[in-house]
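Accompanying notes for the structure given below.
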Amino acid sequence: MQERLRARVVRAGRPERILRVAGLDAHYDPKLRRSVGAAVLLSWPECVLEESALACRSTDFPYVPGLLSFREAPVLLAALALLRTRPDLLFVDGQGYAHPRRFGLACHVGLLAGIPAIGVAKSRLVGEFREPGAAAGAQSPLYDREEVVGAVVRTRAGTRPLFVSVGHGIALEAAVALVLAACRGYRLPEPTRLADHLSRAARR
DNA sequence: GCGACAG
DNA sequence: ATCTTGTCGC
């Protein structure tokens, strides 16, 4: 019992062994009313692309702030399922815990896939914050209703910060550290950046 | 009533 | 998310 509890605490802090990570992103095509989801597999901590997969689905569910999961989770999970190797961690494009009901896209995808996940959003959904420092690596807490729901992270100087939050099976501090460790001079961490490129190119 | 609002 | 020209900066 004691061992089991300890194991849960450790796993909730940070995945014990990360060998591969995956980036998930989707793009919607209003003309065809369909969305393309991309999953890229990268080695860790090198972040070298090893595999990629694409999934396509017609989407009828509209975009409603707070309900993004119902629109994007299906394609992302479909793309993820196509990867031949199972990643140890997911970088999901969107909020995780930093959500009105504390359960954004990264939470849904991570839980349903049974894989630790980090929410990496390019803009804010909820919460207030003070602008983080100008240097890369600077961060400040994101508060919503007296609670820290995420972190606003400057991944690159001269660009807008990213909104990092817990998705599944990982602590916020670890999530922020992993996001910064996955950056290679660009605003977006490699997993997210490569998944974005792939889903964008596949839409054509 | 008004403004905010991941992708 | 998408549409869309030029433009500022490294």
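Model, not experiment: these values are computed from the prediction. Residue numbers start from 1 in every chain, and the chains themselves are labelled A, B, ... in the order their sequence lines are given, proteins ahead of strands.
- Per the stacking criterion (ring centres < 5.5 Å, plane angle < 30°), A:F163 does not stack onto the base of B:dA6.
- Note: A:S52 OG to A:H197 NE2 = 13.5 Å, rounded to the nearest 0.5 Å.
- Of the residues in residues 119-140 of chain A, those lying under 4.0 Å from DNA chain B by heavy-atom distance are A:A121, A:K122, A:S123, A:R124, A:L125.
- Between A:F129 and A:F163, the angle of the ring planes goes over 60°, which puts this pair in the perpendicular group of the 30/60° scheme.
- Of the listed residues (A:L42, A:I115, A:I18), just one forms a side chain to side chain contact (heavy atoms under 4.5 Å, CB included) with A:L89, and that residue is A:I18.
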- Under a 3.5 Å cutoff on both atom distances, Watson-Crick or G-U, what's the dot-bracket for DNA chain B ([ ] crossing, | other strand)? .......
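- Within the model, atoms CZ of A:R57 and CG of A:L77 stand 8.5 Å from one another, a figure rounded to the nearest 0.5 Å.
- A straight line from CG of A:L67 to P of B:dA6 spans 12 Å, rounded to a whole angstrom.
- Tested against A:L188, the residues A:L162, A:V179, A:L194 include a single side chain to side chain contact (heavy atoms under 4.5 Å, CB included) partner, A:L162.
- The shortest distance between side-chain heavy atoms of A:Y28 and A:T59 falls below 4.5 Å.
- Using a 4.0 Å heavy-atom cutoff across all strands shown, A:D29 reaches no nucleic acid atom at all.
- As judged by a 4.0 angstrom heavy-atom cut-off over every strand, A:E72 is placed among residues touching the sugar-phosphate backbone only.
- Rounded to the nearest 0.5 Å, atoms CG (A:D196) and CZ (A:R200) are 4.5 Å apart.
- With rounding to whole Å, A:L105 atom CG is found 19 Å from B:dC5 atom P.
- Protein atom NZ of A:K31 is 15 Å distant from nucleotide atom C1' of C:dA1, rounded to whole Å.
- No more than 12 heavy atoms of other residues, nucleotides or ligands sit less than 6.0 Å from atom OH of A:Y143.
- As judged by a 4.0 angstrom heavy-atom cut-off over every strand, A:A98 is placed among residues making no nucleic acid contact.
- Between A:D25 atom CG and B:dG7 atom C1' the separation is 9 Å, expressed in whole Å.
- For A:H27 and C:dC3, the NE2 to C1' distance is 14 Å, given to the nearest whole Å.
- Rounded to an integer number of Å, the gap from A:Y28 OH to B:dA6 P is 17 Å.
- Atom pair A:D60:CG and C:dA1:C1' shows a separation of 16 Å (rounding to whole Å applied).
- The CZ atom of A:F61 sits 15 Å away from the P atom of B:dA6 (whole-angstrom rounding).
- Residues A:D144 and A:R102 have side chains in contact (heavy-atom distance under 4.5 Å, counting atoms from C-beta outward).
- For the pair A:R71 and B:dA6, the criterion of a side-chain N or O lying under 4.0 Å from OP1 or OP2 is not met.
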